[in-house]
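Whatever order the structure lists ligands and atoms in, that order sets their numbers, starting from 1. Residue numbers start at 1 and run along the sequence shown.
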Amino acid sequence: MYFRSTVNLSADLQTGLAGDSGAVSFKEAVLRCLPKEGGLYVPDSVPDLRPFFLHMGEETAYPELAAAVTPLLFEGDLNPLSASRVAENAFTFEPELVQLDETFSLLNLYNGPTGVFKDFGISFLAALLEELLQGETAMVIAAARGNTGVAIARAFEHREGIITTLLYPDEPIYGLESSSYVPQGGNVIPIRVKGTLDDCQKLVREVIQDRSFAERYRITGANAINPGRLLPQSFYFLYSFIKLKKHLTGELVFSIPSGNFGNLIAGLYAWKFGMPVNGYIAAMNANNYISNIKERYNYNSLGEVIKNGILADFKGGTFAHGFAGSKPAVSTIAPALDVGHPSNYERLASFYKSAPAVMQNMVFPEGIDDAGALKAMETAWKRYGIHLDPHGAVAFAAAENAAAYKDFNGHIVVLATGHPAKYADLAFKVSGKRLSLPEQLASLDRRAEPIAEIAPDLEGLESAIAGCF
Ligand SMILES: *Cc1c(COP(=O)(O)O)cnc(C)c1O
C-alpha cells in the first residue's frame with residue numbers, strides 16, 4: 001500500500017479534489033515516519049485483504065494472521081518469509097477475545113509487556129525495523145510519558161543496531177533499567193526535556209524533518225505518528241472478526257476507548273481492508289473532543305464536525321493541532337483518555353474525506369463520565385465476574401448505551417485496552433477483591449533517572465546524543 005501526506009487536506013476538503021503530494025511506499029513511510037511536506041502519513045491506496053482473512057478459521061493464531069496480511073501491505077518490500085519472522089518476533093503475546101454473552105465480547109489487549117494495547121503496535125514496529133534494516137544501524141526517537149517510554153524501551157531492547165532515544169517532559173521517569181542505557185552497553189538514551197510533552201513531540205518532529213540530522217543517525221519515529229505502529233493495530237480487529245464470524249447473526253460493532261483516536265483509525269483501516277463491520281463507537285470521557293467542536297460551532301452531524309473542525313484547525317495556513325475542539329484536558333479515572341489535542345485528528349479528517357458516508361453512519365461518538373465508568377466496572381464484575389480497567393469500562397459503558405437502543409440487534413466487541421490490576425484500588429472499590437500486579441507490571445513503577453537534561457532544541461538534543469558515544 002502507499003501513503004500520502006495530510007498536508008493538503010484543508011484545500012482537499014474545500015475543493016473535494018485529491019492533493020498533489022507524492023505517494024510513498026509503506027517501507028519508506030515507516031523509515032521516514034513523517035512526510036517531508038509536513039502533516040502525517042495516511043493510506044493512499046489500500047489492498048483488499050478479504051481473500052486472505054475471510055477463509056481463516058477460529059483456530060488461526062494471531063502471528064499467523066499478521067504474517068499472512070503483512071506482505072500485502074508492503075507490496076514487495078517484505079516477502080512472506082520476512083513477514084513471518086516479523087510476526088513471530090513481535091507477537092510473543094496475543095490478544096484474547098472473550099465472548100461474555102449474546103451481546104458483548106471483550107477484546108483483551110493488555111497481555112503485552114507493559115499491560116496496554118500500545119505494546120502491539122510498538123512491538124510490531126520494532127520487529128519490522130529490525131527486519132527492514134538487516135543489521136544496519138539506526139535510531140528511533142519518541143516523546144514519552146508514563147509507561148510509553150518503557151513500552152518502547154522493552155520492545156527495542158534486543159533489536160540489533162537500533163538505538164532508542166526517549167524524550168521525557170519535565171516530570172518523574174519510571175520503569176527504565178539503567179543497565180539498558182547506551183553508556184552502560186545498552187541501547188536506550190532517556191533525555192529529560194525542560195518543557196511539556198508537547199515540546200517533546202515538537203522536538204521529535206523537528207529532528208525527523210531536519211534531514212541532515214536525521215540522516216546522520218538514520219532516525220525514524222516510534223510514536224503513533226509512524227504508520228508502522230498504527231497499521232498493525234488493525235490486525236486485532238480482523239482477529240476479532242475471524243473469531244466471531246461463525247457466531248454472528250446481526251450487526252458487528254466495536255466500542256473503542258478513545259484518546260488520540262489511534263485505535264479508532266486502525267479499526268477504520270480494517271474496514272478499508274474489507275472487514276465486514278457495521279459500526280465503531282468512539283467512547284470518550286469528560287475530554288470529549290468531538291462534542292467540544294459540536295458545541296463550539298453548533299454542528300449537528302459527525303461529518304460536519306470532522307470536516308469543519310479540521311478546516312478551522314487549518315485557519316491561517318498552518319495546522320493548529322486540534323484547535324477546533326481543544327479545551328485543557330481535565331483529569332479523570334481513565335488518564336489515557338485525558339487528551340486535549342488528539343494527535344490523530346488529521347487522520348480522522350482524511351478518512352472522512354475518502355469515505356464521508358462511513359464517518360457519518362458508522363462512527364458513533366459517546367461520552368461517559370467517571371460515575372458511568374465506575375458503574376460499568378461494577379456491572380462487569382457483578383454480571384460476568386470480570387474486572388475491567390477504567391479505560392475498558394468507558395468503552396463498556398458506551399457499548400451498554402448502544403445496546404439499549406430499541407432496534408439494536410447485534411454484537412459489540414469492547415476493547416479492553418489496559419490491565420485491570422494497574423487500577424487495583426478501583427477494582428477493590430467495585431468488587432471488594434484485591435488484584436495483585438504481575439511482577440513485570442510492578443517494575444514499571446520504579447523511579448528512573450535520565451542520562452541528560454536539555455532545553456527543548458535541536459542543539460541540546462544533538463549534544464546529549466553525541467555525549468553517549
Ligand atoms: C493510549 C490508551 C488509550 C487511548 O487510545 P488511543 O488510540 O490514543 O485513542 C486507551 N486506553 C489505554 C489503556 C491507553 O493506554
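There is a side-chain donor-acceptor pair under 3.5 Å between Asp101 and Tyr384. Inspection of the Lys272 and Ser354 side chains reveals an N or O donor paired with an N or O acceptor under 3.5 Å. Side chains of Ser105 and His411: a donor on one and an acceptor on the other come within 3.5 Å.
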Pairwise, report which nitrogen or oxygen atoms of ligand 1 are under 3.5 angstrom from protein nitrogen or oxygen atoms, and how far apart they are.
| residue | atom | partner | partner atom | Å |
| --- | --- | --- | --- | --- |
| ligand 1 | 7 (O) | Gly262 | N | 3.0 |
| ligand 1 | 7 (O) | Asn263 | N | 3.0 |
| ligand 1 | 8 (O) | Asn260 | N | 2.9 |
| ligand 1 | 9 (O) | Gly259 | N | 2.7 |
| ligand 1 | 9 (O) | Asn260 | N | 3.2 |
| ligand 1 | 9 (O) | Phe261 | N | 3.0 |
| ligand 1 | 11 (N) | Thr417 | OG1 | 2.7 |
| ligand 1 | 15 (O) | Lys118 | NZ | 2.5 |

Cut-off 3.5 Å, no hydrogens considered: what does the side-chain donor-acceptor table look like for residues 358-367, sequence neighbours left out?
| residue | atom | partner | partner atom | Å |
| --- | --- | --- | --- | --- |
| Gln360 | OE1 | Gly303 | N | 3.2 |
| Asn361 | ND2 | Ala357 | O | 3.2 |
| Glu366 | OE2 | Asn401 | ND2 | 2.9 |

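Of the residues Phe120, Phe124, Tyr110, Tyr236, the one that meets the ring pair (Phe, Tyr, Trp, His ring centres under 6.0 Å) test with Phe93 is Phe120.
In this structure, Phe91 and Phe235 have perpendicular ring planes: the angle between them is above 60°, well past the 30° mark.
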